[in-house]
There are 2 protein chains.
Amino acid sequence: MIRCIKCEQVDMIMKAGFVRGKQRYLCKECNFYFTLPTPTLPSAIHPKRRRHQTTIIDIARTLGVSNSTVSRALHGHPDISPETRQLVLDTATQLDYQPNQLAYSLVKSLTNTIGIIVPEFFTPFFPNVIVGVQEVLSQAGYHLIIMQSSESYDTEVGNTKAMLANRVDGVIASLSLQTNNYEHFKALEKRGIPIVFFNRVCQELNGPKVVVNDFGGAFKAVEHLIQNGYRRIAHLGGPPNLVISQERLRGYTSALQKHGFDIHPELIIHSDLTAQKARIYGQYLLDMETPPDAIFAVNDPTAIEILILAKSRGLRVPEDLGVVGFSDDPIAAHIGNGLTTVRQPTHLMGKITAEMILKLINEEEEQWVPEAKVLETELIIRGSSVRESYDAVFNEANR
Amino acid sequence: MIRCIKCEQVDMIMKAGFVRGKQRYLCKECNFYFTLPTPTLPSAIHPKRRRHQTTIIDIARTLGVSNSTVSRALHGHPDISPETRQLVLDTATQLDYQPNQLAYSLVKSLTNTIGIIVPEFFTPFFPNVIVGVQEVLSQAGYHLIIMQSSESYDTEVGNTKAMLANRVDGVIASLSLQTNNYEHFKALEKRGIPIVFFNRVCQELNGPKVVVNDFGGAFKAVEHLIQNGYRRIAHLGGPPNLVISQERLRGYTSALQKHGFDIHPELIIHSDLTAQKARIYGQYLLDMETPPDAIFAVNDPTAIEILILAKSRGLRVPEDLGVVGFSDDPIAAHIGNGLTTVRQPTHLMGKITAEMILKLINEEEEQWVPEAKVLETELIIRGSSVRESYDAVFNEANR
DNA sequence: TTGTAAGCGTTATCAC
DNA sequence: GTGATAACGCTTACAA
């Protein structure tokens, strides 16, 4: 005999289909739809659910307590008797309970998840940064969901949408090569989701950024080439829209200017960071009427391609051609007599980026957060750029 | 005037605090607590929620329709008039609506997320596999949540717990060095979460696996050394608990046996895949009374360490010492005269693993899924192992 | 210390 | 074609 839970009527009840496996009723008296409250019997079993995961309700039922009690016990809430608490904990392990993070996140509007968008995974740079990020985040109890833009603007937009849909608590990003429009990141900002950019940043967005001193690194690299007697130094640069390209180019020109060299625009090439393009532009440079005697490349993969190209042409490195890269990829130490390069603190970069995003998430009011953190680079001098004699001469002259 | 929603009484109603900003009442007649159902007024505003994300209900309210209508419109359900549909879609973009994947996942018990657990990120192997995985998964509309065990058993257990809590639809995993107990993976299985192991698999779990033919690769490598006249070939192996170590060792011994060589247990070393240990064991091997004239290393980082060690000792490679690695890391092509190594199809491995997990997720009944997929390897012959004269002699003798 | 019930944002079922 | 309502699994304010 079914009684309407609203008007207590008994006679005017009609069956009205099933909802999620439970009989549904309609009270014709008060025109009210309802299902019967789930019976609180300890042995109540969901009959037709496959692979049912244990919930706090299951624990509550087997113990004959309310789900709030269970919730409190599970979270070590102070207002609960030690006995109940232990009882709950025991049955939880007994029933192999695993909390449902989804339900938690839904109710708390917190996912404890940070999203990171990186352009690629092929050079060791981004994986290394991620290692640093993850170290800090997992310590703080956050998960990391990693997405690749694959250097595509459209994919990057999709990534940010997915971040939004999954309600990540914060986003870490490094821009794709194609990205020139930043609306998708502004959409995140607008919703109050903190973002920290690293490495491939953009000046248009005024959030916090973590970068290395690209200018300084490039400056040191080119000055080092000058000190080794190279006089016609080319720059195989990156795409002009990236700040790292701009800064490294600026370092290059500044170093030349400081030492009284002219800037030759024909020796400045804008490429795309890949070895394929480096090969083409490298050929072009070395085929010039007056080819350069040194090349400062925007990153290690392109520098290595130049090294390979030089070898195939019978050019001696460093005698005929000096080469300096940027990144200190592991391979740089081992290729030929070693590639001189600018080392970036990738791991540290990851850690600092992660710390920044955590700070942004946890700040109550608008605390002060540094606009941009600039990490220092280190010039690692190896065989591809050291011409002993010149170095001596130069240092002599400067003393 | 408040009426009890249960007994319809009007006089015995008392105010009884607030719940989530709504007045709560107690009916003294039937002793029933209740709040008034949320008014369906179009202009009802959540008064005190900061950073409120637009929901389906907001759209419904502004349009004066029900949320089911909105839901249907957003999902392109057939039973909806084109006008309403367009109206909903328009206001959705207007209000900048972003679906809440959490709520969706909660109700559907589907997250559209796959978790992957990898031991490390330092060698290019795992990043490369991940690239392949992600290619397939993102095509299928799945996200990837990446976790690192950092070669630690405890972290790996934590990772699986987190996967469970986040209710991922499937798990891809490669075991940590420390892992000897597989209960945490069995716990996933028990809950019906599909798992696919790759590369570092374990025989105890009988789920699907994707591996390369480690045996065959090792066999080819060692046979190649024999053909180049090396007669005392050592094996710098991996940890004995990993199947890859076992298989590569098996390939090593089989190749020796096939060519009538004795197995010298003192030439078989179990290390841990790292360059640090490789240095120590490498020293040990080269310091032997009768040192080996060739070393087959379990992976490239260790092989490269041997190369460096040999150089520092003035040993000529390949004349005095032959070296073969396993993986074909990018660096292998460039170090010294090149490192001979066994190439693994990392990208393909990722793609196949991803396809397998998708198949497992989508299969209705227990469809047949291959137990294990074995991918072929390729021996990449470079300078570290080719002694022309010996090769000729050997081939002569075998003709 | 424990219980009650709302609500987080969705989907699904049935009635109309 | 549209609306009403429950349910997904959890936290929490308030009352007892």
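Quantities reported herein were computed from a predicted structural model and do not represent experimental measurements. So you know, we letter chains A, B, ... as the sequences are listed, proteins then strands, and number each from 1.
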Revision key, fill the gap. With the side chain defined as heavy atoms from C-beta on, Val107(B) is closest, among dG3(C), dT11(C), dG9(D), to dT11(C)
Exercise for review: Kindly indicate whether the side chain of Ser176(A), heavy atoms from C-beta on, has any atom under 4.5 Å from the side chain of Thr155(A).
Suggested key: no
Review point. Can you tell which of dT11(C), dG9(D), dT2(C) lies closest to the side chain of Leu106(B)?
Key: dG9(D)
Point to revise | NZ/Lys161(B): more than 12 non-hydrogen atoms of other groups inside 6.0 Å | key: no
Check your understanding: Using 30° and 60° as the class limits, which term best fits the ring planes of Tyr104(A) and His75(A): parallel, tilted or perpendicular?
Key -> parallel
Practice item. Specify the separation, in whole Å, of atom CG of Asp79(B) and atom P of dG3(D). Key: 14 Å
Review point. Rounding to a whole Å, what distance do you find between Gln53(B):CD and dT10(C):C1'?
Key: 14 Å
Practice item. May I have the distance from Arg61(B) (atom CZ) to dG9(C) (atom P), rounded to whole angstrom? Key: 10 Å
Review point. Taking only N and O in the side chain of Ser105(B), is any of them less than 4.0 Å away from OP1 or OP2 of dC8(D)?
Key: no
Study note, to complete from the structure: Leu106(B) and Ala103(A) have their tightest heavy-atom pair at CD1-CB, 3.9 Å
Check your understanding: Do we see a donor-acceptor contact under 3.5 Å between the side chains of Asp90(B) and Gln86(B)?
Key -> yes
Review point. Do Gln53(B) and Gln98(B) have a side chain donor and acceptor closer than 3.5 Å?
Key: no
Check your understanding: At under 4.0 Å between heavy atoms, what does Thr55(B) touch on the DNA or RNA strands: base, sugar-phosphate, or nothing?
Key -> sugar-phosphate
Practice item. Scan Ser71(A) against the nucleic acid and name what it touches under 4.0 Å (heavy atoms): base, sugar-phosphate only, or nothing. Key: base
Check your understanding: Tell me: CG of Leu74(A) to P of dG9(D), nearest whole Å?
Key -> 15 Å
Point to revise | Any residue of residues 93-104 of chain B with a heavy atom less than 4.0 Å from an atom of DNA chain D | key: none
Point to revise | Nucleotide of dT2(C), dT5(D), dT12(D) approaching Asn67(B) most closely (side-chain heavy atoms) | key: dT5(D)
Review point. Among dT13(C), dA13(D), dT11(D), which is the nearest nucleotide to the side chain of Lys108(A)?
Key: dT11(D)
Review point. What does Ile56(A) touch in the nucleic acid at a heavy-atom separation under 4.0 angstrom: a base, only the sugar-phosphate, or nothing?
Key: base
Practice item. Find the distance Ile59(A):CD1 to dT11(D):P and express it as a whole number of Å. Key: 11 Å
Exercise for review: Could you tell me whether the side chain of Ser68(A) has a donor or acceptor atom within less than 3.5 Å of a complementary atom in the base of dT4(C)?
Suggested key: yes
Exercise for review: Describe, as an angle rounded to 10 degrees, how the axis at the first end of the helix from dT1(C)-dA16(D) to dC16(C)-dG1(D) is tilted relative to the axis at the last end, five pairs per end.
Suggested key: 40°
Review point. Rounding to a whole Å, what distance do you find between Arg167(A):CZ and dG9(C):P?
Key: 8 Å
Review point. Between Thr69(A) and Ser66(A), is any side-chain donor less than 3.5 angstrom from a side-chain acceptor?
Key: yes
Check your understanding: More 5' along DNA chain C: Arg85(A) or Thr54(B), using each one's nearest nucleotide?
Key -> Arg85(A)
Exercise for review: Check whether any side-chain N or O of Thr69(A) sits under 4.0 Å from OP1 or OP2 of dG3(C), and answer yes or no.
Suggested key: yes
**Study point:** Test item: side-chain donor near acceptor, Ser149(B) and Ser152(B), under 3.5 Å
**Key:** no
Check your understanding: Side-chain donor or acceptor of Arg72(B) under 3.5 Å from a matching atom on the base of dG3(D)?
Key -> yes
Review point. Are Gln134(B) and Ser138(B) linked by a side-chain donor-acceptor pair shorter than 3.5 Å?
Key: no
Check your understanding: How is Ser109(A) classified with respect to the nucleic acid when contacts are heavy atoms under 4.0 Å: base, sugar-phosphate, or nothing?
Key -> nothing
Point to revise | Nucleotide nearest Thr84(A) (side chain, heavy atoms from C-beta), chosen from dT4(C), dT2(D), dT2(C) | key: dT2(C)
Review point. Between the side chains of Ser68(A) and Ser71(A), is a donor N or O closer than 3.5 angstrom to an acceptor N or O?
Key: no
Point to revise | Value in whole Å for how far the C1' atom of dT11(C) lies from CD1 of Ile57(B) | key: 12 Å
Exercise for review: Compare the minimum distances between each of dG3(D), dG3(C), dT2(C) and the side chain of Ser66(B), then state the nucleotide with the smallest one.
Suggested key: dG3(D)
Check your understanding: When the distance from CD1 of Ile80(A) to C1' of dT12(D) is rounded to whole Å, what number comes out?
Key -> 14 Å
Practice item. Taking all non-hydrogen atoms of both residues into account, name the closest pair between Asp169(A) and Asn112(A) and its distance. Key: OD2-N, 2.7 Å
